[in-house]
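Taking it in order: structure first as structure tokens, then the write-up.
It should be emphasised that the depicted structure is a prediction, and the values quoted were computed from it without experimental measurement. Order of the sequence lines sets the chain letters (A, B, ...), proteins ahead of strands, with each chain counted from 1.
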Amino acid sequence: DVKVTQSSRYLVKRTGEKVFLECVQDMDHENMFWYRQDPGLGLRLIYFSYDVKMKEKGDIPEGYSVSREKKERFSLILESASTNQTSMYLCASSLSGQGTYEQYFGPGTRLTVT
Amino acid sequence: DAKTTQPPSMDCAEGRAANLPCNHSTISGNEYVYWYRQIHSQGPQYIIHGLKNNETNEMASLIITEDRKSSTLILPHATLRDTAVYYCIVRVAVKAAGNKLTFGGGTRVLVKP
């Protein structure tokens, strides 16, 4: 059974704190993604990675950075958390190459920045 | 990616088939139809996808019209656990770099006992 896990389901942080969100997949997938989901705005891509140490900006990368040191792990970093980063954060992974590969999602981390 | 239109909500009786429509009149020849769902407070879950032919798996069936301008997701025997928001997405099959998903409003399905 495929599995994507995220380090926390709920997280509360203060403005200005550095926040780490961890994602691990056990499917040997090349691609990993970080999205945020907000009411009325749908799913928006923050960053994705198609290989170890490789990353590409998504649609809303400002205020975020990522790290992928190992194939199975993709971390999202909020360098200095702000209240407008309060959101549901979703990690996903997929196979790579030409094809119709579906994305597998983790359960999400609901982050509140106060 | 082509735009999709779905009804905002629908109810379904437990044990009955749920038919979820999706319009994608501007779909291109190389675009696939995908369905995902999201149960409350969980991450999205892939259901099924297709290009031209009808598809079936253990979760659902996907019926695509001959002109490919619309499709229907069928949950054959809806259960209470199928209560979720269902998203219809149309996208090309590309190399996964940049292979992001974009969800619209979806259809909020409520399965009632």
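- Transitive grouping of hydrophobic side chains (ILVMFWY, heavy atoms separated by less than 4.5 Å) keeps B/Y86 and B/I63 in distinct clusters.
- No part of A/D51 comes within reach of chain B, as not one of its non-hydrogen atoms sits under 4.5 angstrom from that chain.
- In the hydrophobic clustering of this structure, A/L45 does not group with A/L21; members are Ile, Leu, Val, Met, Phe, Trp, Tyr whose side-chain heavy atoms approach within less than 4.5 Å, directly or through other members.
- For A/R44, the CZ atom is densely surrounded, since the number of other residues' heavy atoms within 6.0 Å is greater than 12.
- Taking all atoms of both residues into account, the shortest heavy-atom contact from A/E102 to B/Y46 is CB-CD1, 3.3 Å.
- Closest of all the heavy-atom pairs between B/P44 and A/L90 is CD-CD1, 3.8 Å.
- Most heavy-atom pairs under 4.5 Å with chain B, from the set A/P107, A/G42, A/S49: that is A/P107.
- Transitive grouping of hydrophobic side chains (ILVMFWY, heavy atoms separated by less than 4.5 Å) keeps B/I74 and B/Y32 in distinct clusters.
- If you measure heavy-atom distances from A/Q6 to chain B, you find no contacts under 4.5 Å at all.
- Of all non-hydrogen atoms in B/Y87 and A/Q37, the two that sit nearest each other are OH-NE2, 3.9 Å.
- A chain of hydrophobic side-chain contacts below 4.5 Å, direct or via other Ile, Leu, Val, Met, Phe, Trp or Tyr residues, connects B/V111 to B/W35.
- Other residues, nucleotides and ligands place more than 12 heavy atoms under 6.0 Å from the CZ atom of A/R9.
- Using a 4.5 Å cut-off on side-chain heavy atoms (C-beta onward), B/Q38 and A/L43 make no contact.
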